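Contents: one structure, followed by commentary.
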2 protein chains.
Amino acid sequence: MSDVMRAHSAAFGDMDDSKIDILNAAAEAFMRKGFAAASIDDVADILGCTKGRIYHHYRSKADLFFDVHLCGMAMDIGAVREAMSEGHDPLEQLYHMAVGHLTVIISNIAYQRVAVQGLEMHLTGATTPKQMKTLKQILLLRDEYEGLFASKIEEAMAAGQVPQQNTRLTVKAFLGSLNWTTIWYRERRNQSKEDRRKLVYEVATFALRGLGARVR
Amino acid sequence: MSDVMRAHSAAFGDMDDSKIDILNAAAEAFMRKGFAAASIDDVADILGCTKGRIYHHYRSKADLFFDVHLCGMAMDIGAVREAMSEGHDPLEQLYHMAVGHLTVIISNIAYQRVAVQGLEMHLTGATTPKQMKTLKQILLLRDEYEGLFASKIEEAMAAGQVPQQNTRLTVKAFLGSLNWTTIWYRERRNQSKEDRRKLVYEVATFALRGLGARVR
DNA sequence: CAAATACATACTACCTAGTAGGTTCTTTGC
DNA sequence: GCAAAGAACCTACTAGGTAGTATGTATTTG
């Protein structure tokens, strides 16, 4: 279990280390090949074990995927909830929320890419009846997450910090500029802490400005 | 062949109608299930034919996917190149480019979602040596496309219409807010022309503002 | 020491990409 | 106007890969 993971251990609930290792390997495999193309054996290979271990902890590939997705979202919500109280006005708080989200993304790129994959899957409706419960849970978390940003944007509108606009559409564009990072971001060898800070700052600033806020 | 498709027929080059029908069905199937999960039989079912027809026109599933991807990108580039000359200054032109891109997205959601899928795939490097040539072609188109926006953003910076900033990062956030539409947008029954216009306007405005431009 | 936990091994059943060869329709050369 | 050639499919098949299961084994725990 890496330090990065430990830092977000709240997202893993009460799992033991063995299960967390499985989740990390699954996130890696799903990121590399996608849900459909990644096999359970791929996950096992990353761990240097066999299927047996995975099926001992998870009933199906979909269940494993859902768990990765859930943990990814839990990381986001944790970071954003924490950031919501930083700053003295809605706009400052939105900035910290965006920074929190981006930081989670570049620190846990595998989980975050899987979460985006899951987003795309729900819409296609490709699941068995039994997994519906977990699906609802995920959609609920997603709505909650989007709601955090939406309500804060409306606070900023009410405070006159940003112009009046359609919140439903704006929050999509706002999160889009942040989430698109999961698509293009790659971990690089020569990437300094300063580079990452710059990335987070630049993208978060873009998102804030997108709302019509006067930034710096 | 639908009217919408005919409107972007330039993207299809000199294909005959039968091949275009296959492409449309493939775009639909790949959108619904993703590249890995969608089978050639799925595509054939949509057309009401058998595999034979598809393999008569395409050597492999990957080739078919690449062609959908290429057409999707060709639609984008066509619309954006056209929009580049509308408007009297860089900022106005950027607005028209964003509107063009968004219009293509919501008019050809299947092709555009496939293009995004393809984007995610290259990064994982999941192809045979022979397909490398097509892959290079796609990456070239993608760079060209991003370059259109990047250079226009730099023009706006030089003209003092937007503040100085890191173009490489900003263009990602800019295109992210637009491209994210492919993830959440759904065609709805009760969706009026006005609704779509509103969507395009709102998201394009967000992107322009994200650059730091004073919009309206 | 019994029972449960945490795996590994060895299968099966199914699905799907790709192929081989046949059939029908259309074009072309004369 | 017609035969030959090729284009545009369809049918029937194979080979390979993968999700999931059944069963065995070692290690821990009560």
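Each chain gets a letter, A, B and so on, in the order the sequences are listed, and its residues count up from 1. All values reported here derive from a predicted model rather than from experimental measurement.
- Straight-line distance from the CG atom of A:Asp21 to the P atom of C:dA6: 14 Å, rounded to whole Å.
- Contacts of B:Ser39 with the nucleic acid, taken as non-hydrogen atoms under 4.0 Å apart, involve only primed sugar atoms and P, OP1 or OP2.
- Between the C1' atom of C:dA6 and the CG atom of A:Leu47 lies a distance of 14 Å, rounded to the nearest Å.
- For the OP1/OP2 pair of D:dC9 and a distance below 4.0 Å, the side-chain nitrogens and oxygens of B:His57 include at least one atom meeting the criterion.
- Using modelled atom types, one side-chain atom of A:Lys61 and one backbone atom of A:Ala38 make a donor-acceptor pair closer than 3.5 Å.
- Note: B:His101 and B:Tyr145 meet the aromatic proximity criterion, with ring centroids under 6.0 Å apart.
- Side-chain nitrogen and oxygen atoms of B:Ser18 include at least one within less than 4.0 Å of the OP1 or OP2 phosphate oxygen of D:dC9.
- Checking side-chain atoms of A:Glu154 against main-chain N and O of A:Thr167 turns up no donor-acceptor pair under 3.5 Å.
- Between A:His56 and C:dC7, a side-chain N or O to OP1/OP2 separation shorter than 4.0 Å is absent.
- Using a 4.0 Å heavy-atom cutoff across all strands shown, A:Ala36 reaches no nucleic acid atom at all.
- Rounded to an integer number of Å, the gap from CD1 of B:Ile54 to C1' of D:dT11 is 15 Å.
- Taking atom NZ of residue A:Lys33 and atom P of nucleotide D:dT18, one finds them 7 Å apart after rounding to whole Å.
- Taking atom CZ of A:Arg59 as the reference point, atom P of D:dA19 lies 17 Å away to the nearest angstrom.
- For D:dG20, its base sits under 3.5 Å from the side chain of A:Lys51 at one donor and acceptor pair at least.
- Nearest to the side chain of B:Lys61, among C:dT9, C:dG18, D:dC9, sits C:dG18.
- A donor-acceptor pair is defined here as one N or O able to donate and one able to accept, closer than 3.5 Å; such a pair exists between the side chain of B:Asn108 and the backbone of B:Val104.
- In this structure, the CZ atom of B:Arg53 is 7 Å from the P atom of D:dC10, given to the nearest Å.
- Protein atom CD1 of A:Ile40 is 6 Å distant from nucleotide atom P of D:dA19, rounded to whole Å.
- In this structure, the side chain to side chain donor-acceptor pair (under 3.5 Å) partners of B:Thr170, at least two apart in sequence or on a different chain, are B:Gln165.
- One atom, CD1 of B:Ile22, and another, C1' of D:dA8, lie 10 Å apart when rounded to the nearest Å.
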